[in-house]
Amino acid sequence: MCRSYFKIQSCNSRGGTLTEVSSETRFLHAIEMGLGAMQWGDRAIWQYGRGYGLEDVRQAFQAALANGIQYVDTAELYGNGLSERSLGRFLRESDQPVLVSTKFFPWPWRFTRGALPRALKGSLARIGIESVDLYQIHWPSPVMTTDSLMDGLTECIKAGYTRTVGVSNFGHARMLAAYSALARNGIQLASNQVHYSLLSREVEKNGILARCKELGIRMIAYCPLERGMLTGKYTPENPPPGRRTSKYAPILAKIQPLIKLMTQMGQDHGGKSCAQVALNWVICKGALPIPGAKNAFQAEQNAGALGWRLTDEEVARLDFASHAIVEPTMTAH
Ligand SMILES: NC(=O)c1ccc[n+]([C@@H]2O[C@H](COP(=O)([O-])OP(=O)(O)OC[C@H]3O[C@@H](n4cnc5c(N)ncnc54)[C@H](OP(=O)(O)O)[C@@H]3O)[C@@H](O)[C@H]2O)c1
């Protein structure tokens, strides 16, 4: 398999870095923001079925599309397949083209490369489509080597089940190993999906963000709203419900100065919300945020992060304000 590589200017990166991007993965660099679909069935963190359900997430999907979002990220793990099945329903109800990514979960009983095309076939059946645009390894496998995972992804491309392949939660060294293993098969590593927000900036320090730009790997940012904390709606008096309480309650007082700054900046940009400022910051850093949304209001508001930009000076001020919180309190995911 021989693939053509050419130089493009990444539309989202500041500083004029030239990146090498294959023609197959180029579309990912043109997407500014997507929609995360973990909420569409997950009970453990998001309490699907309590306070929101299928009709709400259907409206989230429709509102996102109506407001210019054309890319949805799901995984076989989310809601045990329910997120993929719901996405399939919504796609059939819509006449708009949507780019889709899903993920392979490396259960310990999946230990051969053949497990990947088999798992992807299952995802395709649940979504009801013939191929996805991006297939990702959700986490490094406890039993499979990076080489055999990449060989499995290569089989998925050869079978026509996916256009491009990526990884998620891969550290710097493992990401480079994945990049090289795929390159030996004539394929470019399209993406690394990692935790990245104003409150989780490990990828800036461990070199992943810079290396992704250098190698033309799209860095996809999950939890860009830090699971709702950066919307400004949670305070020490009003902590998030469920499992998020224990992780985030201790920092809610500390993040209030940052929230105040974001609120002010949003006002300076004609009434943008904290969530929109948080997502815009991720875009300005050269990553692709995929905020999750439980309903139409959230999806519509998040889409309002597009069409404008924070200034370099504002990004620097947000960096500075978040630094004081991130350093002492948050650890790498
Ligand atoms: N690869 C991985 O390991 C991995 C891990 C996690 C997530 N992901 C992906 O990344 C996506 C995004 O991450 P995430 O969903 O965990 O976190 P997130 O996008 O940071 O936060 C989403 C949550 O924030 C709240 N919210 C969203 N928009 C809002 C708005 N405009 N106003 C007020 N509240 C709002 C909602 O929760 P409440 O209303 O309940 O507060 C929503 O469920 C996921 O859907 C999934 O596709 C991948």
Side-chain angles (χ1 to χ4, degrees), residues 1-13 17-36 70-76 98-106 113 116-117 119-120 123-124 127 129 131-140 146-147 149-172 174-196 203 208-222 282-283 286-290:
M1 208 179 309
C2 180
R3 293 183 183 248
S4 56
Y5 286 74
F6 55 90
K7 302 244 178 198
I8 67 157
Q9 179 89 39
S10 170
C11 60
N12 293 321
S13 64
T17 322
L18 275 177
T19 54
E20 280 206 356
V21 177
S22 73
S23 49
E24 287 79 8
T25 64
R26 192 180 189 188
F27 76 95
L28 261 183
H29 295 261
I31 303 171
E32 282 200 300
M33 192 163 73
L35 172 66
Q70 294 179 315
Y71 164 51
V72 179
D73 176 76
T74 183
E76 58 175 346
V98 176
L99 297 163
V100 171
S101 64
T102 191
K103 309 184 194 82
F104 169 87
F105 199 76
R113 69 178 75 164
L116 283 91
L120 180 48
S123 289
L124 293 174
I127 305 170
I129 53 180
S131 71
V132 288
D133 296 285
L134 172 67
Y135 194 44
Q136 306 151 101
I137 307 291
H138 207 145
W139 286 89
T146 300
D147 277 3
L149 284 169
M150 297 308 117
D151 286 345
L153 286 179
T154 302
E155 286 191 17
C156 293
I157 289 186
K158 282 185 178 162
Y161 296 159
T162 184
R163 244 166 110 184
T164 64
V165 293
V167 294
S168 176
N169 298 301
F170 272 40
H172 195 178
R174 209 188 292 263
M175 180 181 82
L176 290 183
Y179 179 88
S180 301
L182 284 173
R184 285 194 290 276
N185 296 342
I187 291 169
Q188 181 168 43
L189 176 66
S191 58
N192 190 3
Q193 187 178 128
V194 290
H195 190 170
Y196 186 45
V203 291
I208 287 182
L209 178 58
R211 187 68 80 180
C212 281
K213 287 182 188 175
E214 183 193 325
L215 296 177
I217 301 165
R218 191 71 161 124
M219 201 185 87
I220 301 176
Y222 73 71
V282 173
I283 294 170
L288 191 178
I290 46 167

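- Lys158 has its side chain out of reach of Pro117: every pair of non-hydrogen atoms, C-beta onward, lies at least 4.5 Å apart.
- Between Met150 and Val165, the closest side-chain pair of non-hydrogen atoms is not below 4.5 Å.
- Closest approach of Ala221 and Val282 over heavy atoms only: CB-CG1, 3.7 Å.
- The salt bridge (Lys or Arg N to Asp or Glu O under 4.0 Å) search around Arg184 returns Asp147, not counting sequence neighbours.
- With contacts defined as side-chain heavy-atom distances shorter than 4.5 Å, the pair Lys103/Asp73 qualifies.
- Although no hydrogens or angles enter the test, the distance criterion places no donor-acceptor pair under 3.5 Å between the side chain of His138 and the main chain of Glu76.
- Side-chain contact between Leu153 and Tyr135 is present, with heavy atoms from C-beta onward closer than 4.5 Å.
- With sequence neighbours excluded, the residues that form a side-chain hydrogen bond (donor to acceptor under 3.5 Å, both in side chains) with Tyr196 are Glu204.
- Counting all heavy atoms, side chain and backbone alike, Thr164 lies closest to Glu24 at CG2-O, 3.3 Å.
- In terms of the side chain to side chain contact (heavy atoms under 4.5 Å, CB included) criterion, residue partners of Leu99 (sequence neighbours excluded) are, by chain and number, Phe27, Ile31, Tyr71, Asp133, Arg163.
- The minimum heavy-atom distance between Ser131 and Thr162, with the atom names listed, is CB-N, 4.2 Å.
- Side-chain atoms of His29 and Arg26, non-hydrogen and from C-beta on, never get closer than 4.5 Å to each other.
- Among all heavy-atom pairs drawn from Pro106 and Pro140, the shortest one is CG-O, 3.7 Å.
- For Ser191, the side-chain hydrogen bond (donor to acceptor under 3.5 Å, both in side chains) test picks out no residue, with sequence neighbours left out.
- Taking CD1 of Ile187 as the reference point, atom OG1 of Thr25 lies at 11.5 Å (rounded to 0.5 Å).
- Contact of the Pro289 side chain with the Ile283 side chain is registered, since non-hydrogen atoms from C-beta on lie closer than 4.5 Å.
- For the atom pair CZ (Phe105) and OG (Ser168), the distance works out to 10.0 Å, reported to the nearest 0.5 Å.
- With sequence neighbours excluded, no residue forms a side-chain hydrogen bond (donor to acceptor under 3.5 Å, both in side chains) with Asn192.
- Between Gln188 and Gly216 the shortest heavy-atom distance is NE2-O, 3.9 Å.
- The shortest distance between side-chain heavy atoms of Val194 and Met219 falls below 4.5 Å.
- With sequence neighbours excluded, no residue forms a side-chain hydrogen bond (donor to acceptor under 3.5 Å, both in side chains) with Tyr161.
- In terms of heavy atoms, Ala178 sits closest to Leu189 at CB-CD2, 4.4 Å.
- Side-chain atoms of Gln136 come within 3.5 Å of backbone atoms of Thr102 as a donor-acceptor pair (strictly under, hydrogens ignored).
- One distance of note links CG of Leu215 with CG of Leu176; it measures 6.5 Å at 0.5 Å rounding.
- Side chains of Leu28 and Leu134 form a contact here, defined as non-hydrogen atoms less than 4.5 Å apart.
- Asp151 pairs by the side chain to side chain contact (heavy atoms under 4.5 Å, CB included) definition with Arg113, Asn185, not counting sequence neighbours.
- Note: Met33 CE to Ile290 CD1 = 11.0 Å, rounded to the nearest 0.5 Å.
- With rounding to the nearest 0.5 Å, the separation of CD in Gln193 from CZ in Phe170 is 12.0 Å.
- His195 and Tyr222 have parallel rings, their planes meeting at less than 30° on a 0 to 90° scale where 60° marks the start of perpendicular.
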message: Arg211 vs Ile217, test: side-chain contact (heavy atoms from CB on, under 4.5 Å). Steps then yes/no.
response: CA-CA 8 Å; Arg211 187 68 80 180; Ile217 301 165; 5.7 Å; no

